[in-house]
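Structure, as structure tokens:
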Amino acid sequence: MQAAAILIGIVLAVTLFVAVQAINLNAKRSYSEATEQLSVHASNLIIPSPGQRYLPESLYFSLRQSGLSGALPVLEGRVRDEQGRRFNVQGSDLVAAITARLRYESPNNDRGVGLFSPDIPLAKLLAGQPIVMMSQSRFRELGSPETLMLDGVVTEIRAVPNEWQLGSRILMDIGFAQQLLGKHGQLSYIALFEPNMSSQRWEPLLLAEAQWVTNTQSSDLGSLTDSFHLNLTAMSMLAFVVGLFIAYNGVKYSLLKRNRLLVQLQQAGVTATVVFLSLLIELCTLVAFGTTVGFVFGIQLSHWLHPTVALTLEQLYGATLLPGTWQWQWWAQALFITLSAALLACWQHFKQHVEQPLSSHGGFYQVPMHGQEKKLFVVGVLLLDIALIGVWVSDNFRLTMFWLGMLIIAMPLLLPKSLSLLAQWAQRRTSSGLVQYMFAELRELVAPLSLAMMALLLAVTANMGMNTLVGSFESTLKQWLEHRLHADIYVSPSQSQMSDVERALEQFNGVEQVYKQFYVRDSVQGLPVLLGTKDTTTLEQTMVFKSSIPEFWSQFYAGKVVAISEPMSVKLRLTLGSELPEDVLPDVPLTIGAIFHDYGSPNGEVLIAPTLWLSRGFSPQPTSLGVKVSADKEYVYQQLIERLDLHPNQLYDQAQIKSIALGIFSRTFAVTSALNGVTLMVAVVGLFTACFMMFEARKAAIARLYALGVRRSKLMTLVIGQIVVLVMFTLMLALPLGALVGYVLTDMVTLRAFGWSLDYHWSWRDAVSLAVITLSVSVIATLLPLWRLVNKPVLSSLQSEVL
């Protein structure tokens, strides 16, 4: 039982640590190996100049005729199937893509992509037949269909290995892509593979319609996703600490239980050095075995979490994750960290038990804990003060997370002394003999159960903090969507239908007003941004200001100032009155006149006046449409479908948009919430093992009470009451700490990491539910060993005290 308790703690700690390590390192490997589809990483890109959404295909042919080699034309867009599901599609010159892979890729990175690969129907693709390719995981997710109706075109589906790094995107030949998207003779960008290529020779051909940029996708993805991976790492380290608490509690109990044996061995002539080395070898063996089992479980857990992480990273950041792999070095790293932590925690404890006087005798309550309680309390208060000051003054989310971690570690150090004081306070206010005995014994139980309570405190704190963060995010997002969504129906036709649908809506019966949005993708100082504008009604009704200058609208429409999103202002440290970086609109001096809230996207957004948009040569074709309905909304909805030949899923009302937005953005916290639940489970398992071991040591004391005439029902009430009171005392500290952690995560970390100002939302319902669940699990963890104990013969339990 002692070995099992230690192993459970080590296995659970290593499982969470290795799972998150695998997820993070695989993600970073995917960023570093980010490539063009079926090809290699492009060193440079030719993209449309500001004001242009596409490149003319003739530019690509001119560059090739002038001797440019290692170039790949790419067209990107979005389509829908017959069920209204939206897909990101990419078309490219597949022969050029695969040829570049064969020419520029290292042999060590070969993933089996070739011109004659059986997974690529090259002849049919080049003949312009409607065939697309998608990853096997995406293919299975869609139900393994043979064909899909994409924007009205029946398209054959071919599944390719996940290692080809398509993610959830669909790949096709560029000729078919131009036909499907209605973009004949247009390209999204041109990828260049030749390393160290200079742009000077080719700049005369680019003229004003294109620009040559260095491809920084891998570094951009790494910096963008830092906060996401830091969040996962923090949760895994918390679970790791909770698991080590459980293991240390098992080691501590093991030493207390075998205290008499350690003395008897030395009385029989075994030297203290041999006993000490034996304990170390025993611990190292348990750590090595537990780490190996935890490593296997951790790799499996990472595979289970991989699809959720991949979907989150792709939807939020546009990152495609490669299939998960593992390395034996992770096992060595986990073993080193776990063994170091275990030896550091147990070394002094081993020495104390080995060096005790040989005249002493072992007893379970013989624990010199009161002096340690005071020392831990003093250290905890000092760390708490330092952490609070650090959280208050830090302005970087990494530093804030560090100080928050110190705060979370400091609180458990206050727990043993606090529990002792609370038990003493309760004892003084009771008069009944049995109840007073319950609290008197409870004071003695604090020492052996303090580590289990510390683990429970950490887990409940993390759970409450994350629940508060998610609740605040959801509440704020709903309020923001109420302001942001002002149209009755949103129309999302394919790109090839946009112009026709726009003209038809202007003359449509029952449509009072048409709202239009215009966007192009850009990059500012390495941060991906959306540059755009909207019609005046949409701008004024949907922009939720965080701050703005006086008379903003008059200066905005005059083209003197712009509005930027809060994430952009936080990440680039821009404030009201700051100059807009020149790489947004060159040669147009603009200042920032307003900062508006934008949730769910970690990227930036810049809004300019409609007149400035048109004067700079941007496309007059909107990217999305919305309508205000003057008649019955359901009637107009059906008429739009019938008369404009739209699919029902190309039309959205406000409720649908809200549901989709909340569903997408809640995935930001999906993995963290899963790890949070596992952490709480780890603590519950630790409480169960601690209770089980405790009853083994207390069976003689409980048997004495039974021999003195205390009925079994009262005995069970007494013992369960002790655990319930101890857990309730712990919750009294954990819930306020969870509220504090939630406040720091909501008002500080989220703002500094993502650029989202969230309204702090405390949920008493969640707090009460968590407390009830924790107490219920504690009672269940107590009942099983207690029932086993009270049904044992009294004599055998009494004899155990002298064995």
Side-chain angles (χ1 to χ4, degrees), residues 51-54 77-86 149-153 178-186 481-520 530-543 553 556-557 607-661:
Q52 305 293 327
R53 293 182 61 187
Y54 296 97
R78 306 188 81 178
V79 296
R80 293 178 182 272
D81 67 356
E82 65 272 18
Q83 300 179 28
R85 293 174 297 194
R86 302 185 74 175
M149 180 80 73
L150 299 179
D151 280 353
V153 179
Q178 290 174 331
Q179 174 191 342
L180 187 64
L181 298 172
K183 298 298 175 186
H184 298 283
Q186 294 180 311
L481 288 173
E482 291 292 336
H483 291 90
R484 191 69 177 257
L485 301 176
H486 72 305
D488 295 315
I489 300 174
Y490 287 88
V491 186
S492 179
S494 63
Q495 294 174 338
S496 58
Q497 293 176 292
M498 183 64 73
S499 298
D500 295 336
V501 172
E502 180 188 359
R503 287 191 295 270
L505 287 176
E506 299 286 355
Q507 310 297 326
F508 205 90
N509 292 331
V511 173
E512 181 178 333
Q513 189 172 358
V514 179
Y515 304 120
K516 304 174 185 178
Q517 295 188 120
F518 308 81
Y519 281 109
V520 293
L530 287 174
L531 173 63
T533 189
K534 306 174 184 179
D535 60 87
T536 56
T537 304
T538 304
L539 282 168
E540 295 177 12
Q541 291 188 9
T542 64
M543 199 180 298
W553 288 115
F556 177 78
Y557 290 129
L607 291 178
I608 62 176
T611 53
L612 183 59
W613 175 272
L614 294 174
S615 67
R616 296 297 297 174
F618 288 100
S619 171
Q621 179 177 301
T623 52
S624 62
L625 301 167
V627 296
K628 183 179 181 181
V629 176
S630 58
D632 179 67
K633 187 169 72 171
E634 291 298 325
Y635 172 77
V636 174
Y637 185 92
Q638 292 299 326
Q639 289 296 305
L640 289 172
I641 294 175
E642 295 173 6
R643 292 173 55 185
L644 298 184
D645 193 25
L646 296 173
H647 191 278
N649 282 358
Q650 290 179 299
L651 302 173
Y652 297 91
D653 61 24
Q654 290 188 18
Q656 285 178 304
I657 293 287
K658 291 173 187 174
S659 175
I660 292 171

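Computed over heavy atoms, backbone and side chain alike; hydrogens, waters and symmetry mates excluded. In what follows, residues are counted from 1 in the order of the sequence shown.
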Could you walk me through whether E506 and V514 pass the side chain to side chain contact (heavy atoms under 4.5 Å, CB included) test, one step at a time? CA-CA 7 Å; E506 299 286 355; V514 179; 4.2 Å; yes

Any chance you could lay out the side chain to side chain contact (heavy atoms under 4.5 Å, CB included) test for Y515 and Q517, step after step, and finish with the verdict? CA-CA 7 Å; Y515 304 120; Q517 295 188 120; over 6 Å; no

Take F618 and T533 through the test side chain to side chain contact (heavy atoms under 4.5 Å, CB included) and record every step on the way to the result. CA-CA 10 Å; F618 288 100; T533 189; over 6 Å; no

Would you please test Y490 and L485 for side chain to side chain contact (heavy atoms under 4.5 Å, CB included) and show each step? CA-CA 9 Å; Y490 287 88; L485 301 176; 3.8 Å; yes

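Q178 places a side-chain N or O within 3.5 Å of a backbone atom of Q186 that can act as its donor or acceptor partner. Checking side-chain atoms of D535 against main-chain N and O of K516 turns up a donor-acceptor pair under 3.5 Å.
The side-chain contact (heavy atoms from CB on, under 4.5 Å) with L640 is formed by just one residue from the set V629, L505, V501; it is L505.
Remark: E512 engages K628 in a salt bridge (charged side-chain N to carboxylate O under 4.0 Å, His left out) (not counting sequence neighbours). In this structure K534 satisfies the salt bridge (charged side-chain N to carboxylate O under 4.0 Å, His left out) test with no other residue, sequence neighbours excluded.
From I489, atom CD1 reaches atom CG of L625 across 12.5 Å, with rounding to the nearest 0.5 Å. Residue Q541 holds its CD atom at 9.5 Å from OG1 of T536, rounded to the nearest 0.5 Å.
Counting heavy atoms from C-beta outward, L614 and F518 have side chains that stay 4.5 Å or more apart. The shortest side-chain heavy-atom distance between Y519 and L607 falls under the 4.5 Å cut-off.
Using cut-offs of 30° and 60° on the angle between ring planes, the pair W553 and F556 is perpendicular.
Summarising the geometry of H486 relative to T538, their closest heavy-atom pair is NE2-OG1, 3.3 Å, with the distance given to 0.1 Å.
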